[in-house]
Amino acid sequence: MVLVSVMPPLLSQLQVQLQASLPPNTPPHWGQQQDTATKPRERLKKPPLYRVLLLNDDFTPMDFVVDILETIFRKDHEEATIVMLHVHNHGVGVCGIYSCEVAESKVQQVLDYAHAFGHPLRCTMERA
Ligand code: TYC
């Protein structure tokens with residue numbers, strides 16, 4: 001509050017002195033503009049997203065697929081049934097959209113779970 005009433009040239013002189021006395025990488029504050037080209041929001045790209053896909057087959061039981069959609073993809077019973085029937089009727093369907101690491105983990109969980117029960121269920125991922 002006191003600084004607001006200081007004459008502008010004196011204020012900027014104080015800012016220069018203060019900044020020089022701070023450790024490197026101290027974020028700018030009280031009135032200092034940050035260079036827009038270095039704003040983190042503009043420098044960081046959003047990570048790519050991936051669709052996790054279930055593929056149809058003639059052997060995996062419908063109930064098993066619904067169970068996978070509920071447990072691994074956190075869908076309620078109605079939504080899981082809709083997705084399972086979509087895959088059954090169209091050959092492929094989207095279980096969810098995730099970051100690369102999460103999508104890879106979901107695919108692996110599906111394949112491990114299906115393999116453990118002897119079902120030939122296939123699951124893959126693609127760039128969204
Ligand atoms: N087509 C399977 C059946 O008739 C059911 C099924 C649905 C299998 C979806 C795989 O991803 C799948 N038992």
Side-chain angles (χ1 to χ4, degrees):
M1 277 308 197
V2 175
L3 287 172
V4 172
S5 63
V6 177
M7 294 292 284
L10 183 53
L11 176 58
S12 48
Q13 181 59 34
L14 285 169
Q15 284 180 325
V16 168
Q17 284 175 359
L18 174 65
Q19 193 64 37
S21 70
L22 293 172
N25 299 326
T26 302
H29 58 163
W30 47 278
Q32 274 188 296
Q33 276 290 322
Q34 187 174 9
D35 184 348
T36 50
T38 62
K39 275 184 184 170
R41 261 178 192 287
E42 291 169 14
R43 271 191 299 118
L44 296 178
K45 271 191 164 178
K46 285 182 188 164
L49 294 175
Y50 290 80
R51 282 188 279 268
V52 174
L53 306 173
L54 264 188
L55 304 174
N56 190 35
D57 67 73
D58 293 336
F59 307 102
T60 305
M62 289 184 172
D63 285 351
F64 185 83
V65 177
V66 170
D67 184 44
I68 278 189
L69 288 162
E70 289 173 355
T71 56
I72 299 176
F73 297 97
R74 318 306 301 171
K75 298 194 180 299
D76 64 28
H77 192 72
E78 189 185 350
E79 176 72 3
T81 304
I82 289 169
V83 173
M84 182 279 294
L85 286 174
H86 179 94
V87 177
H88 177 72
N89 290 319
H90 297 92
V92 62
V94 179
C95 308
I97 300 177
Y98 308 96
S99 68
C100 186
E101 292 78 6
V102 173
E104 282 174 344
S105 167
K106 299 276 183 193
V107 169
Q108 201 54 54
Q109 287 176 58
V110 171
L111 297 178
D112 290 348
Y113 193 39
H115 187 253
F117 284 83
H119 300 311
L121 184 61
R122 290 164 299 159
C123 184
T124 187
M125 58 194 264
E126 67 179 18
R127 245 328 257 280

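Quick caveat, the model's predicted, so the values are computed rather than measured. Every number for a ligand or one of its atoms is a count from 1 in the order of the listing. Quick note: numbers below take in every heavy atom, side chains included, and nothing from hydrogens, waters or symmetry partners.
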* Kindly indicate, with the supporting measurements, whether the criterion ring-ring contact (aromatic ring centres under 6.0 Å, His included) is fulfilled by Phe64 and Phe117. => CA-CA 9 Å; Phe64 185 83; Phe117 284 83; 5.5 Å; yes

* Asked: Do Ser105 and Glu101 have a side chain donor and acceptor closer than 3.5 Å?
  -> no

* Is atom CG of Asp63 surrounded by more than 12 heavy atoms (other residues, nucleotides or ligands) closer than 6.0 Å? -> no

* Structure fact -> Under 4.0 Å from one or more heavy atoms of Leu121, ligand 1 contributes atoms 10 (C), 11 (O), 12 (C)

* Asked: When you measure from atom 8 (C) of ligand 1 to every protein heavy atom, which one gives the shortest distance, and what is it?
  -> Asn56 OD1, 3.5 Å

* **Side-chain touch Val110/Ile72, heavy atoms, less than 4.5 angstrom** => yes

* Structure fact -> Logged contact type for Asp57 with ligand 1, heavy-atom cut-off 4.0 Å, is both

* Asked: Does any N/O atom on Asp58 come nearer than 3.5 Å to any N/O atom on ligand 1?
  -> no

* Please state which protein non-hydrogen atom is closest to atom 9 (C) of ligand 1 and give its distance, to 0.1 Å? -> Val87 CG1, 3.6 Å

* How far is atom 4 (O) of ligand 1 from its nearest protein heavy atom, and which residue and atom name does that atom have? -> His88 CE1, 3.1 Å

* When you measure from the side chain of His90 to the backbone N and O of His86, does any donor-acceptor pair fall under 3.5 Å? -> yes

* To do: Count the heavy atoms of every other residue, nucleotide or ligand shown that sit under 6.0 Å from CD of Glu78, and state whether that count exceeds 12.
  => no

* Would you tell me which option among Thr60, Leu54, Leu55, Val92 has the nearest heavy-atom contact to atom 12 (C) of ligand 1? => Leu55

